[in-house]
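Contents: one structure, followed by commentary.
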Amino acid sequence: LATQPAVYVQDQFSNLTTSNATINATVGTGAWTLDGTTSLAAVSGTATFTNLTATANQFITGATIQFTSEGLTSVTSTSFNIPVPMVYYSTGNGSPSDLNLWKTNRDGTGTSPVNFSTGDIFTIQNGSTLTTTATWIVGGNGSKIIIEEGGTLIADHAITVASGTIFQIDNGGRYIHNNVGSFATTIMAGTEIFATNSTVIFKNWNTTGPDVSEWGNVEFDVPITTNLSGAIQFSGKLSLIKGNLVIKSTSNREIRLTSALNVDLLVMGNYNQTGGTLNLSNGAGIANLEIKGNFTKSNGTITTGTNVSK
């Protein structure tokens, strides 16, 4: 939403209270989807929402948001319109920040976007490999980055998205992460949807791992020549790999599942390690690693001290 709502808790005389009541935002009028942080505790009587997004499959006029809280009278926002986001498709290989690479039709015809900041959908098609040549910034209400089957996105530079942006990798799609940007403020800053047979490959990293609990296939393949600044610490946030976990190389560092928190990591597919180091816990936290598929380890190191089950 271009204008984020603020809700005020008032008494019967319309005076602002000091209430810390939880305010819930839901769709009022219209058939559309409300995302973002929809429940928020008031501070000194005021609940200021910051990342609500509104999306729809068709143009919506007169949409409203209803705000409720237990024991309080509900209120409804003023009405607003929700435009339909444009969908653009990659038309070959190149840099994703090149506006001319994107067209409104899959066959490469149609128009290109004017910018990447107005809430549009950017779809990387089968056969396209897009490699960043500079920071790529995608934003706006309803914006999405979708990697379809056979498409590849290589992030040699940071890809910055809005908090309401959806990053989606379909079955057979690949994302290769090869930069040190903070996950929380770049590609993983919005909502992630990773299909079971999608693949994320880490060739470099920021030491604070992404706050994503569910993945498809995950692969670590950091070149030995890459001088990492430290281990990648997932801090107990990685709980489900729906596909395979592959560890080829972690250069001069290691992967850490947790430090202080207890975590259960379930790998539904296979575990295959040919190099690198996996440290299940480098602190007091207990990590339970369960592998449903085959366990193969021909090289590399697993530091346990916790629980591993097959």
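Computed from heavy atoms alone, side chains included, the values below leave out hydrogens, waters and symmetry copies.
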Thr135 versus Thr160: any side-chain heavy-atom pair under 4.5 Å? yes

Same cluster or not: Val222 versus Phe183, using hydrophobic residues (I, L, V, M, F, W, Y) connected whenever any side-chain heavy atoms lie under 4.5 Å apart? yes

Between Phe122 and Trp102, is the gap from one ring center to the other below 6.0 Å? yes

CG-CD1 distance between Leu130 and Ile154, expressed to the nearest 0.5 angstrom: 9.0 Å

Gap separating the CD1 atom of Ile232 from the CH2 atom of Trp205, nearest 0.5 angstrom: 6.0 Å

Going by atom types alone, do Glu70 and Asn24 pair a side-chain donor with an acceptor below 3.5 Å? no

Restricting to non-hydrogen atoms, name the atom on Ala47 and the atom on Ile23 that form the minimum distance, rounded to 0.1 Å. CB-CG1, 3.7 Å

CA sep, side-chain torsions, deciding dist, call: Glu148, Arg106, salt bridge (charged side-chain N to carboxylate O under 4.0 Å, His left out): CA-CA 12 Å; Glu148 293 185 329; Arg106 286 186 178 272; 2.8 Å; yes

According to a hydrophobic-cluster definition based on side-chain heavy atoms being under 4.5 Å apart (Ile, Leu, Val, Met, Phe, Trp, Tyr only), do Phe295 and Leu280 belong together? yes

Neighbour count >12 (heavy atoms, 6.0 Å) for atom CD, Glu149: no

List the steps and the verdict of side chain to side chain contact (heavy atoms under 4.5 Å, CB included) for Thr186 and Ile159. CA-CA 5 Å; Thr186 59; Ile159 298 175; 5.8 Å; no

Just by distance, no angles: are the side chains of Ser128 and Ser90 close enough, under 3.5 Å, to form a donor-acceptor pair? yes

Test your reading of the model: is there a side-chain donor-acceptor pair from Asn179 to the backbone of His157, 3.5 Å cut-off? yes

Phe116 reachable from Leu153 in the ILVMFWY side-chain graph, under 4.5 Å edges: yes

Ignoring hydrogens and geometry, is there a side-chain-to-backbone donor-acceptor pair from Asn270 to Gly293 under 3.5 Å? no

Regarding Asn227 and Asn252, is there a side-chain donor-to-acceptor distance under 3.5 Å anywhere? yes

So which of Phe202, Trp215, Tyr271 actually passes ring-ring contact (aromatic ring centres under 6.0 Å, His included) with Phe220? Phe202

Stepwise, does the side chain to side chain donor-acceptor pair (under 3.5 Å) test hold for Thr111 with Lys103? CA-CA 5 Å; Thr111 59; Lys103 297 295 181 180; over 6 Å; no

Can Ser281 and Thr258 be counted as having a side-chain donor-acceptor contact under 3.5 angstrom? no

Please report the closest heavy-atom contact between Thr22 and Ser69, naming both atoms and the distance. O-OG, 2.8 Å

Short question: side chain of Thr133, backbone of Ser95 - any donor-acceptor pair under 3.5 Å? no

Steps toward side chain to side chain contact (heavy atoms under 4.5 Å, CB included) verdict (Tyr89, Asn105): CA-CA 7 Å; Tyr89 300 94; Asn105 298 322; 5.8 Å; no

If I take atom CG from residue Leu1 and atom OG1 from residue Thr3, how far apart are they, to the nearest 0.5 angstrom? 8.0 Å

Can you confirm whether the side chains of Asp264 and Asn288 place a donor and an acceptor under 3.5 Å from each other? yes

Is the shortest heavy-atom distance from the side chain of Thr37 to the side chain of Thr50 under 4.5 Å? no

Count the heavy atoms of every other residue, nucleotide or ligand shown that sit under 6.0 Å from CZ of Arg253, and state whether that count exceeds 12. yes

If I take atom CG from residue Leu72 and atom CD from residue Gln10, how far apart are they, to the nearest 0.5 angstrom? 11.0 Å

Might you work through the side chain to side chain contact (heavy atoms under 4.5 Å, CB included) test for Gln168 and Ile147, ending with a clear yes or no? CA-CA 6 Å; Gln168 175 179 321; Ile147 308 175; over 6 Å; no

Starting at CG of Asn20, measure out to OG1 of Thr46 and round the result to the nearest 0.5 Å. 12.0 Å

Non-hydrogen side-chain atoms of Leu266 and Lys292 separated by less than 4.5 Å: yes

Report yes or no: do Ile302 and Leu245 belong to one cluster of Ile/Leu/Val/Met/Phe/Trp/Tyr joined by side chain heavy-atom distances under 4.5 Å? yes

Apply side chain to side chain contact (heavy atoms under 4.5 Å, CB included) to residues Ile145 and Val161 and explain how you reach the verdict. CA-CA 9 Å; Ile145 298 174; Val161 301; 3.9 Å; yes

Exceeds 12 heavy-atom contacts within 6.0 angstrom, atom CZ of Phe80: yes

Thr123 (side chain) donor-acceptor with Gln125 (main chain) under 3.5 angstrom: no

Please determine whether side chain to side chain donor-acceptor pair (under 3.5 Å) holds for the pair Asn217 and Glu219, giving the CA-CA distance in whole Å, both sets of side-chain angles, and the decisive distance to 0.1 Å. CA-CA 7 Å; Asn217 298 308; Glu219 180 178 316; over 6 Å; no

Would you say Thr29's side chain and Ala63's backbone share a donor-acceptor pair under 3.5 angstrom? no

Heavy-atom side-chain contact between Met188 and Val212 under 4.5 Å: yes

Give me the atom names and distance for the closest heavy-atom approach of Thr277 to Thr250. N-OG1, 3.1 Å

With side chains defined as the heavy atoms from C-beta onward, is the minimum distance between Ile187 and His177 less than 4.5 Å? yes

Identify whether Ile65 and Leu40 are in the same connected component of the hydrophobic contact network (ILVMFWY, side-chain heavy atoms under 4.5 Å). yes

Tightest non-hydrogen contact, residues Pro85 and Ile121, listed as CG-CD1, 4.1 Å

Do side-chain atoms of Asp221 reach the backbone of Lys248 as a donor and acceptor pair under 3.5 angstrom? no

Side chains of Asp107 and Thr109 only: does a donor on one sit below 3.5 Å from an acceptor on the other? yes

Tell me if a side-chain donor or acceptor on Thr226 pairs with a main-chain N or O of Leu228 at a distance below 3.5 Å. no

Thr129 backbone acceptor or donor facing Thr152 side chain under 3.5 Å: no

What are the two closest non-hydrogen atoms of Thr165 and Val138, and how far apart are they? OG1-O, 3.9 Å

Of all the heavy-atom pairs spanning Leu289 and Leu278, show the shortest one and how long it is. CD2-CD2, 4.3 Å

For Phe167 and Tyr175, I'd like to know if the aromatic rings sit close, meaning centre-to-centre distance below 6.0 Å. yes

So do Phe234 and Leu265 actually touch side chain to side chain, heavy atoms under 4.5 Å? no

Please round to the nearest 0.5 Å and tell me the distance separating atom CG of Asn272 and atom NZ of Lys297. 11.0 Å

Taking the six-membered ring where the residue is Trp, are the ring centres of Phe67 and Phe49 under 6.0 Å apart? yes

Pairwise side-chain contact, Met268 with Ile291, heavy-atom cut-off 4.5 Å (strictly under): no

Among side-chain atoms of Asp11 and Ser14, is any donor-acceptor pair under 3.5 angstrom? no

Within-4.5 Å side-chain heavy-atom neighbours: Ile60 and Val84: no

Is a donor on one side and an acceptor on the other found under 3.5 Å between the side chain of Gln4 and the backbone of Leu52? yes

Can you check whether Leu101's main-chain N or O pairs, donor with acceptor, with Thr91's side chain at less than 3.5 Å? yes

